[in-house]
Amino acid sequence: MQLIFSNDTDKLYRYVADRLLETVALKPDALLGLATGGTFEPVYGRILEQRSRVNWQLARTVNLDEYYPIGRHGEQSFYTYMKKRLFDPLGLTEEQSLVLNGEAADPGQECMDFEERIDALGGIELQVLGIGRNGHIGFNEPSDAFEPHTHYTALTDTTLTDNARYFEGVDQMPTGALTMGIETIMKARGILLLAVGRSKAQAVNALVNGKITPDLPASILRVHPNCTVLMDSEAGALLDWSLGQQL
Ligand code: GLP
């Protein structure tokens with residue numbers, strides 16, 4: 001696992017955006033694995049600024065997760081987040097941009113179909129990830145065992161508290177989600193995890209220095225052959241910067 005540190009958060013946003021842009025430039029029909037959350041808003045902003053560098057006509061994207069249950073077109077769904085910030089401005093159609101359906105009548109079937117679609121699209125070329133304060137990736141919450149495949153999960157109290165800011169309040173939030181599983185994520189040919197802010201420092205420290213354990217789902221990334229963790233000075237505050245490179 002490669003580590004990249006920077007005192008300049010904008011450089012990290014640009015780095016991640018540029019890697020996604022380069023992936024499409026090199027392989028126009030590459031399947032990009034995308035994430036949501038506050039961390040990725042500036043990344044998508046940078047992609048829009050640079051959008052003319054690549055041809056998006058063949059590009060395909062898949063998102064990590066979606067709340068469940070949630071209205072697909074409602075204001076807080078991850079589908080709406082992506083549509084507003086990336087899909088509509090880039091002109092990506094529904095066929096090009098796969099997002100789990102938070103109002104699927106049969107969530108189990110939805111998860112199985114999702115896995116099949118990813119495989120049929122040739123697998124994920126580059127997956128970007130944020131990290132939860134509790135070490136979750138996608139919505140793979142701390143638990144006793146890694147869940148390999150896309151599945152329904154109940155959200156933990158930490159995640160409900162952290163994400164309540166996007167809703168009218170914690171009691172207005174869905175209590176569950178559909179998420180790519182750990183194997184689904186680990187099958188991506190390249191992974192970039194971006195961590196920004198002091199609240200992520202402990203999770204990032206455990207990811208780099210702790211045990212590989214389902215209690216900190218991101219720790220599995222240590223065994224991925226092509227994974228880079230990028231941190232700003234706050235998220236990387238507990239780490240020895242000489243272990244990585246500085247941007
Ligand atoms: C969200 C998503 C994750 C994201 C994380 C951190 O709920 N499920 O994919 O990485 O929590 O979000 P933020 O970037 O807002 O801190």
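In each ligand, atom 1 is the first atom listed, and ligand 1 is the first ligand listed. Starting from 1, each residue takes its place in the sequence as its number.
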Report, in ascending order of atom number, the atoms of ligand 1 lying under 4.0 Å from any heavy atom of [X].
{"X": "Phe139", "answer": "7 (O), 8 (N)"}
{"X": "Gly130", "answer": "10 (O)"}
{"X": "Ile131", "answer": "6 (C), 10 (O)"}
{"X": "Asp65", "answer": "2 (C), 8 (N), 9 (O)"}
{"X": "Lys200", "answer": "6 (C), 13 (P), 16 (O)"}
{"X": "Asn163", "answer": "1 (C), 7 (O)"}

**OP:** Go through the side-chain N and O atoms of Glu141 and Thr159 and say whether any donor and acceptor fall under 3.5 Å apart.
**Re:**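 Yes, Thr159 and Glu141 have a side-chain donor paired with an acceptor closer than 3.5 Å.
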**OP:** Would you please say whether a donor-acceptor pair under 3.5 Å links the side chains of Glu147 and Asn140?
**Re:** no
Original post:
Do any nitrogen or oxygen atoms of Leu129 lie less than 3.5 angstrom from nitrogen or oxygen atoms of ligand 1?
Top reply: no
**OP:** Report yes if some N/O of Gly138 lies less than 3.5 Å from some N/O of ligand 1; otherwise report no.
**Re:**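 Yes.
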Within the structure, is a non-hydrogen atom of [X] found at a distance of less than 4.0 Å from ligand 1?
{"X": "Arg165", "value": "yes"}
{"X": "Ala35", "value": "no"}
{"X": "His136", "value": "yes"}

Is there a donor-acceptor pair under 3.5 Å between the side chain of [X] and the backbone N or O of [Y]?
{"X": "Asp119", "Y": "Glu116", "result": "no"}
{"X": "Gln96", "Y": "Ala59", "result": "yes"}
{"X": "Glu115", "Y": "Met112", "result": "no"}
{"X": "Thr161", "Y": "Asp157", "result": "yes"}
{"X": "Asp106", "Y": "Gly108", "result": "yes"}
{"X": "Arg85", "Y": "Leu48", "result": "no"}

To check your reading of the model: name the closest protein heavy atom to [atom], its residue, and the distance in Å.
{"atom": "atom 14 (O) of ligand 1", "result": "Thr39 OG1, 2.4 Å"}
{"atom": "atom 15 (O) of ligand 1", "result": "Gly38 N, 2.8 Å"}
{"atom": "atom 4 (C) of ligand 1", "result": "Thr36 O, 4.2 Å"}
{"atom": "atom 12 (O) of ligand 1", "result": "Gly37 CA, 4.0 Å"}

Original post:
Centroid-to-centroid, Phe139 to Tyr67, below 6.0 Å?
Top reply: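 They qualify: ring centres under 6.0 Å apart.
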**OP:** May I ask you to identify, for Tyr166, whether its side chain, its backbone, both or neither come under 4.0 Å of ligand 1 on a heavy-atom basis?
**Re:**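 Just the side chain.
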Subject >> Side-chain ion pair, Arg72 and Glu103, N-O less than 4.0 Å >> reply: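 Glu103 and Arg72: not salt-bridged.
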